[in-house]
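What follows is a single structure, written as structure tokens, with notes after it.
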2 protein chains.
Amino acid sequence: MDKGQAQGKAKKAGNGGRAERAGSRDPERTRASILAAATVEFAENGIGGARVDAIAERAGTNKRMLYHYFGDKEQLYLAVLEEAYIGIRTAERSLNLSDLAPEQGVAELAMFTWKYFREHPEFLSLLGTENLHGARWLRQSTRLKELHSHFIDKLAELLDRGKAKGLFRVDADPLNVYLTIAALGYFYLSNRHTLTTIFDRDLMDESNLEDWRRHIVQVTLASIRR
Amino acid sequence: MDKGQAQGKAKKAGNGGRAERAGSRDPERTRASILAAATVEFAENGIGGARVDAIAERAGTNKRMLYHYFGDKEQLYLAVLEEAYIGIRTAERSLNLSDLAPEQGVAELAMFTWKYFREHPEFLSLLGTENLHGARWLRQSTRLKELHSHFIDKLAELLDRGKAKGLFRVDADPLNVYLTIAALGYFYLSNRHTLTTIFDRDLMDESNLEDWRRHIVQVTLASIRR
DNA sequence: TCACAAAGTAACTGTTTAGTTACTGGCTTT
DNA sequence: AAAGCCAGTAACTAAACAGTTACTTTGTGA
């Protein structure tokens, strides 16, 4: 499960054929490995169902290390959540909404969000878990506050350009636009299991997924067009 | 462990009038009380975080009764889930979509769903929990299968009447219409905690809630109108 | 009125769990 | 070269947990 250490300070520790476990004296790697394992475990089982032992095992390391790097289970969960949010907001920046025509910008944002949700089911799960608990951990996090307002500002700018051109309704609200995009993507994907069971249609079929992507773009634009 | 149980000396068993606490030799009442308590506990904590002791205490009864009536924790969870689904589908029937004009029918369905979601946050939580676990329990349930197809049939009928009058697009799909309505309501309400924290707007403010209700109706109709 | 079945209780059990302790080994510094 | 510190391990502990047992209470009908 472990391949040779390729980091900058690669130590040649393996003299004499010592054990090949994950943690061969590489703190950065061990920390990252725990965080990745915790992301999977929390996403799959929620905070109440996640097991500290399972995380350590998945990470190929030891419980002691988990407490060493992250303090306790809750702080580890918070680190996972923060990293997940940083992930989506960072990716969003590469969109460069400022350079796009208004309608195209909204369409690109919708398609980006859909794609990101599809590729990061663990993000959706973590959001669900966090909301189940009333955003108790997110509210504690100081790191994340300003990350988001920047994004809404950019979207507001894009909408304003559309309004100036007479394309969009003057009362179109950036948060509502984003909520619409996120809602349609989030619900479809995160509730796919119950929906598929109940309504007897395979929502994860590629052509259904493609239809829904088009639907999101169409609906979002229709909701703000004049 | 189980100290402070108010049951201790409450064995007078209310001969003159019905006892207020559960568990005075009234099986129907005890069962219902456990089910209600379990609904709250599972909705608040998920299946992994829910505690059997907490459910018994909330129900004003004893763990033994819980196992007596429901078998074990998982079967109790399934009973809670089934009851929750029966709740919404039963309420939906009172809509009588068949009697309404097409556009009005869709608007009424959207407003009904929004209202039901607002009034039953525990239903949204249970859905979230069930989806986190891949609809594992729902799939086991035989009771629920036909409950839903009936509802979609009624909606299809309504859309067909709208199509015949030239009001709706001929490719308007009943499941997509319902998904749109449910998505916009579900996401807004179930993710309100993280959204409010991040975007600094109180989504539960009455005027914002009212705006979103109008938004759902508008968007849904716009997505199917010719 | 009394037997018995169903409803209910409290204390218990074996297991799982988050978190800790006591220890090993190796890299770096002086 | 030895001291000291940091990454890492395994075995341990106290508490929490789901589920059980042994027992008491109460309404009913023969």
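In what follows, chains carry the letters A, B, and so on, assigned in the order in which the sequence lines appear, proteins first and then strands, with residues in each chain numbered from 1.
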Can you tell me how far [atom2] of [N] sits from [atom1] of [X], to the nearest Å?
X	N	atom1	atom2	result
M65(B)	dA6(C)	CE	C1'	9 Å
D53(B)	dT20(D)	CG	P	14 Å
L76(A)	dA18(C)	CG	P	11 Å
K73(B)	dC17(D)	NZ	P	9 Å
N45(A)	dT16(C)	CG	C1'	15 Å
I47(B)	dC17(D)	CD1	C1'	15 Å
E57(A)	dA18(C)	CD	C1'	16 Å

| message | Within the 4.0 Å heavy-atom criterion, would you say A54(B) contacts the bases, only the backbone, or no part of the nucleic acid? | response |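 The answer is nothing, as A54(B) stays clear of every strand by at least 4.0 Å.
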| query | With a 4.0 Å cut-off on heavy atoms, is A50(B) in touch with a base, just the backbone sugar-phosphate, or nothing at all? | reply |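 The residue A50(B) makes sugar-phosphate contact but no base contact.
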| request: Among the candidates dA7(C), dG19(D), dG19(C), find the nucleotide nearest to the side-chain atoms of D72(A). | output: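 Given the options dA7(C), dG19(D), dG19(C), the side chain of D72(A) is closest to dG19(C).
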| said: Please tell me whether T39(B) and E122(B) have a donor and an acceptor in their side chains that are separated by less than 3.5 angstrom. | reply: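 The criterion, which ignores hydrogens and geometry beyond distance, is not satisfied for E122(B) and T39(B).
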| said: Is a donor from one side chain sitting under 3.5 angstrom from an acceptor on the other, for T194(A) and E130(B)? | reply: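 No, E130(B) and T194(A) have no side-chain donor paired with an acceptor closer than 3.5 Å.
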| query | Any donor-acceptor pair under 3.5 Å between the side chain of K63(A) and the base of dA10(D)? | reply |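 No such pair is found, so the answer is no.
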| query | dA10(C) base to N62(B) side chain: any donor-acceptor pair below 3.5 Å? | reply |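 Checked by distance alone, the answer is yes.
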Below the 4.0 Å mark, does [N] have OP1 or OP2 next to a side-chain nitrogen or oxygen of [X]?
X	N	result
T61(A)	dT9(D)	yes
T30(B)	dA7(C)	no
R64(B)	dA7(C)	no
Y67(B)	dT21(D)	no
H68(A)	dG8(D)	no
R51(A)	dA18(C)	yes

| query | Within a reach of under 6.0 Å around CG of D72(A), are more than 12 heavy atoms found that belong to other residues, nucleotides or ligands? | reply |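 Enclosed: over 12 neighbouring heavy atoms sit under 6.0 Å from CG of D72(A).
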| About how many Å separate NE2 of H68(B) and OG1 of T30(B), when rounded to the nearest 0.5 Å? |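 If we round to the nearest 0.5 Å, T30(B):OG1 and H68(B):NE2 are 10.5 Å apart.
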| query | Under 6.0 Å between ring centres, would you say that holds for F187(A) and F187(B)? | reply |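 When the ring centroids of F187(A) and F187(B) are compared, they turn out to be at least 6.0 Å apart.
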